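Below is one structure, written out as structure tokens; comments come after it.
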There are 4 protein chains.
Amino acid sequence: MVYKTSKETQEKKDLKRKHIIKIAARIFSQNGYHKTTVKDVVEAADISVGTFYFYFKNKEHLFETLYDEGIEEIFSALMQSLQNIECEADFGFSKAIAFFFKVIECNKPLAKIMLIEAVGLNPTFERKRAEATQKLVSYTTEFFYEIKKLGTGNMPDIKIFALAFIGTLYNVVLEWLQTDSKESLLDSVYALTVYNLQALKLEYNIDNINRGITEIINTKLDNLKE
Amino acid sequence: MVYKTSKETQEKKDLKRKHIIKIAARIFSQNGYHKTTVKDVVEAADISVGTFYFYFKNKEHLFETLYDEGIEEIFSALMQSLQNIECEADFGFSKAIAFFFKVIECNKPLAKIMLIEAVGLNPTFERKRAEATQKLVSYTTEFFYEIKKLGTGNMPDIKIFALAFIGTLYNVVLEWLQTDSKESLLDSVYALTVYNLQALKLEYNIDNINRGITEIINTKLDNLKE
Amino acid sequence: MVYKTSKETQEKKDLKRKHIIKIAARIFSQNGYHKTTVKDVVEAADISVGTFYFYFKNKEHLFETLYDEGIEEIFSALMQSLQNIECEADFGFSKAIAFFFKVIECNKPLAKIMLIEAVGLNPTFERKRAEATQKLVSYTTEFFYEIKKLGTGNMPDIKIFALAFIGTLYNVVLEWLQTDSKESLLDSVYALTVYNLQALKLEYNIDNINRGITEIINTKLDNLKE
Amino acid sequence: MVYKTSKETQEKKDLKRKHIIKIAARIFSQNGYHKTTVKDVVEAADISVGTFYFYFKNKEHLFETLYDEGIEEIFSALMQSLQNIECEADFGFSKAIAFFFKVIECNKPLAKIMLIEAVGLNPTFERKRAEATQKLVSYTTEFFYEIKKLGTGNMPDIKIFALAFIGTLYNVVLEWLQTDSKESLLDSVYALTVYNLQALKLEYNIDNINRGITEIINTKLDNLKE
DNA sequence: CATGAATGAGCGTTCATTCAT
DNA sequence: AATGAATGAACGCTCATTCAT
């Protein structure tokens with residue numbers, strides 16, 4: 001029976017799985033986790049319930065998959081963006097934040113699921129969220145540590161500073177997601193960059209900030225889900 | 001027919017209602033909205049289902065009551081705390097943040113319900129949350145506007161600055177709530193104050209910050225629910 | 001403690017009882033038996049639930065009281081009306097039917113309860129209805145028997161004839177009750193009288209029929225509930 | 001995707017649906033609408049609650065289905081029977097009434113549901129009943145109109161005459177349904193035919209009436225549900 | 001691989017009735 | 001007599017999941 005799982009079959013399976021995930025992301029982000037029934041998903045994906053349970057252990061597992069992929073997406077985006085910040089703090093920061101927001105904007109359903117629907121869902125996702133934050137904080141901490149070393153600023157608790165920094169991004173995104181705002185998230189990058197640069201007592205030049213934003217706006221996001 | 005319901009009976013009713021609310025806050029914050037059944041609440045409160053529905057229209061209405069009371073609680077705390085910031089920005093800011101965190105710490109169940117459980121629950125609470133944030137941002141904006149007028153700092157978008165500021169508080173609280181941390185929220189006040197003072201380009205003195213925090217720690221929270 | 005139930009007290013009790021019954025008739029006829037809750041009745045009657053259960057054993061007993069009174073009302077009306085038919089069949093019949101319809105019209109809520117709400121309610125009321133019909137049929141049968149004796153008509157089964165006669169009245173009333181017709185029931189008396197007179201092969205004169213109807217229209221219904 | 005559901009599966013579904021309907025008719029007619037619980041039905045039909053709700057939206061919808069099918073049944077029966085009345089009024093009338101009664105007799109549970117249980121249930125069924133009566137009256141009216149044209153009888157209000165005619169049938173059936181009589185409904189056809197023929201002043205011959213009844217008795221009801 | 005009919009534990013909620021005051 | 005807070009059995013219904021085909 002081994003030959004049954006030929007390469008083509010496997011590819012078809014993967015495709016269908018991706019298809020279900022894509023549809024589910026839309027449905028979950030529209031209706032929320034609890035108001036979304038398995039029936040809703042299978043109808044939207046034009047498959048049968050049986051098929052659904054062939055590809056996913058259960059409803060929560062599907063959501064978990066979605067969540068994990070979302071985390072992955074956003075993380076790699078953030079990591080990648082933070083790497084842009086080298087010598088030029090002002091240019092780098094604005095690029096990083098702009099890039100991050102652009103990713104969010106291109107993945108609104110996924111973002112909504114991760115930042116809103118998954119909150120308070122159950123211990124599994126609380127843990128996942130805690131881990132994600134932890135990872136994010138660690139990374140940011142490391143990064144801030146570098147700044148501290150060469151900086152003249154006052155940074156009494158790097159972990160809190162990292163939490164605060166992420167909090168500024170998080171809250172702006174949350175507001176944007178919940179108000180279904182038509183404005184672009186990118187409109188708030190400039191002010192947000194200034195806020196955090198000042199908080200970190202980093203010297204900056206307005207033109208550098210704007211240059212960073214413009215660069216991101218003109219870049220195509222190739223590494224993102226279609 | 002007014003005399004039909006005596007004053008004592010009314011008082012007993014109020015007490016029982018408060019009792020149910022208190023128990024429910026605990027249960028909801030432990031299990032979350034969806035995993036909490038009406039049966040859970042009535043068993044914990046040692047009443048019958050009928051009694052529950054005598055005092056509350058339904059499960060959602062109970063949660064709404066809890067939520068509204070929580071909002072009320074936290075808002076009045078925040079408003080009150082922000083009023084402490086007068087001429088001395090450093091002293092005032094630390095007092096404000098410390099006060100806010102103390103209120104959160106004393107109302108952990110309520111805070112968890114509002115900041116975690118109610119997120120992504122349904123449109124009603126999304127709207128409520130949006131309104132709350134809006135109110136908070138407005139208030140902070142107004143306050144920042146005053147700072148801007150007399151300040152020398154760069155504040156390109158007051159609304160974003162307000163969102164960022166609230167975001168720093170929010171994220172620290174969220175982290176604290178989700179990790180069930182044994183450490184006090186107040187331990188993070190100092191660093192957080194510095195972060196935001198720097199972000200706003202406000203001059204500060206370490207001693208003043210510490211003085212503000214100490215003052216709050218030694219103050220009793222009289223105006224809060226037992 | 002015997003003196004407590006003095007004559008005046010008893011009268012007050014009777015009055016309150018009547019009051020509840022009157023209100024209940026309205027509510028039941030508006031909402032139907034099952035959609036009417038005890039709470040509905042006590043609120044409309046401005047009494048407490050406790051008081052309700054002091055006067056009536058339970059909800060069904062209240063309905064039964066209503067039903068029995070309705071039956072009583074309508075029966076005595078019908079009996080009385082049928083006694084009008086002596087020598088002059090045409091004049092008598094029209095008077096009888098008109099009188100019956102007038103009673104129904106003046107007691108629409110009660111009629112609705114008896115003829116619609118109580119149908120298919122439960123065995124108790126099915127039995128009551130059967131008994132009522134039985135009584136009605138017996139009376140009519142007796143009456144038809146007299147007609148048969150002196151008549152020349154063909155009356156193969158008096159019981160069926162009685163059922164048929166009552167059915168003609170019943171169906172017209174039912175239609176009137178269910179369509180919430182604004183027209184008077186009395187408008188249909190003439191045709192209905194003709195139908196039944198012809199069915200019984202009784203000679204008639206149009207003027208006599210009309211005279212009978214007019215007489216009833218101009219009579220005041222003293223023996224009916226206010 | 002049509003091939004997804006095979007013909008055999010669809011047939012099995014239809015069969016199960018019919019099975020539930022049949023059982024439900026029995027239960028509803030025994031206990032009435034309100035005393036019949038969904039649990040009663042599913043236990044009697046030997047299915048699970050889930051299965052019940054797979055086939056029917058809810059309890060009321062099942063009842064509605066039953067009702068609509070009953071109406072359909074009885075209507076087509078009545079219409080068909082009335083068409084038998086052509087030139088020979090006496091023969092035709094007896095045939096029509098006999099046929100109608102035979103249909104009722106073969107569908108006692110359905111008849112009970114429609115004529116007793118559904119009365120006073122709720123606005124939906126009041127409307128349905130009103131519509132049914134309206135349709136019946138219209139049909140009868142049309143028919144009586146033809147009689148009037150060629151007749152010598154006195155028919156002052158055709159609509160009332162139609163209501164009266166239907167009332168005679170209705171009341172006899174009601175009596176039969178409520179007393180759980182062991183006698184056949186057909187025993188009352190003769191007298192009832194005479195009553196209505198006389199009411200319409202139609203000439204008749206006893207033999208013709210009896211011939212009509214006999215003909216129906218000896219006919220098999222093929223077009224009825226088993 | 002795919003289907004969808006079948007399952008049933010468990011939910012939120014109602015409301016007639018009781019009884020201490 | 002009158003009150004209305006308290007009770008809890010019982011209801012209709014949902015939906016994630018299974019499994020025979």
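Side chains are part of it too, since the values below use all heavy atoms of this structure and drop only hydrogens, waters and symmetry mates. So you know, we letter chains A, B, ... as the sequences are listed, proteins then strands, and number each from 1. Just so you know, these numbers come straight off a predicted model, no measurement behind them.
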Rounded to the nearest Å, what distance is computed from the [atom1] atom of residue [X] to the [atom2] atom of nucleotide [N]?
X	N	atom1	atom2	value
A:F56	E:dC1	CZ	P	14 Å
D:H19	E:dA6	NE2	C1'	14 Å
D:K13	E:dT3	NZ	P	15 Å
A:L62	F:dT17	CG	C1'	14 Å
D:D14	E:dA5	CG	P	11 Å
A:I47	E:dA2	CD1	P	9 Å
B:R17	F:dA5	CZ	P	13 Å

Using heavy atoms and a sub-4.0 Å distance, could you list which residues of residues 35-46 of chain D are near DNA chain E? By number, please.
-> none
Scan for ring pair (Phe, Tyr, Trp, His ring centres under 6.0 Å) pairs involving residues 8-27 of chain D, sequence neighbours excluded, and state none if there are none.
-> none
Result for 5'-nearest mapping on DNA chain F, choosing between B:F52 and D:F52, is B:F52
Assign each of B:K16 and D:Y33 to its nearest nucleotide of DNA chain F by heavy atoms, then name whichever residue's nucleotide is nearer the 5' end.
-> B:K16
With the side chain of C:K59 defined as its heavy atoms from C-beta on, choose the nearest nucleotide among F:dA5, E:dT13, E:dT17.
-> E:dT17
Looking only at F:dG4, E:dA6, F:dA2, the nucleotide nearest the D:F54 side chain is E:dA6
List in chain and number order the residues that pass salt bridge (charged side-chain N to carboxylate O under 4.0 Å, His left out) with C:R17, two or more places apart in sequence or in another chain; answer none if no residue qualifies.
-> none
With sequence neighbours left out, what residues match C:E131 under salt bridge (charged side-chain N to carboxylate O under 4.0 Å, His left out)?
-> C:R127
Just to confirm, is there a sub-4.0 Å distance from OP1 or OP2 of F:dA2 to any side-chain nitrogen or oxygen of C:Y55?
-> yes
Side-chain N or O of A:T51 closer than 4.0 Å to phosphate OP1/OP2 of E:dT3 = yes
Considering the options D:I71, D:L66, D:T65, which one meets the side chain to side chain contact (heavy atoms under 4.5 Å, CB included) requirement together with D:E69?
-> D:T65
Among all residues two or more places apart in sequence or in another chain, which pass the side-chain contact (heavy atoms from CB on, under 4.5 Å) test with [X]?
X	answer
D:F63	D:F28, D:Y33, D:I113, D:E117, D:A118, D:L121, D:F125
D:E126	C:Q178
A:A130	none
C:Y53	C:V38, C:N58

In short, salt bridge (charged side-chain N to carboxylate O under 4.0 Å, His left out) pairs touching residues 49-68 of chain C with sequence neighbours left out are C:E64-C:K128, C:D68-C:K128
With sequence neighbours excluded, give me every salt bridge (charged side-chain N to carboxylate O under 4.0 Å, His left out) pair touching residues 30-56 of chain D.
-> D:K39-D:E43
Close N/O contacts between protein and nucleotides 18-21 of chain F (under 3.5 Å):
none

Below 4.5 Å, heavy atoms only, C-beta onward: do B:L15 and B:K12 meet side chain to side chain?
-> no
Taking side chain as C-beta onward, heavy atoms only, is C:L62 less than 4.5 Å from C:Y55?
-> no
Dot-bracket encoding per residue of DNA chain F, Watson-Crick/G-U cut-off under 3.5 Å, | denoting interstrand = .||||||||||||||||||||
The residue, D:S48 or C:H34, whose nearest nucleotide of DNA chain E is more 5′ is D:S48
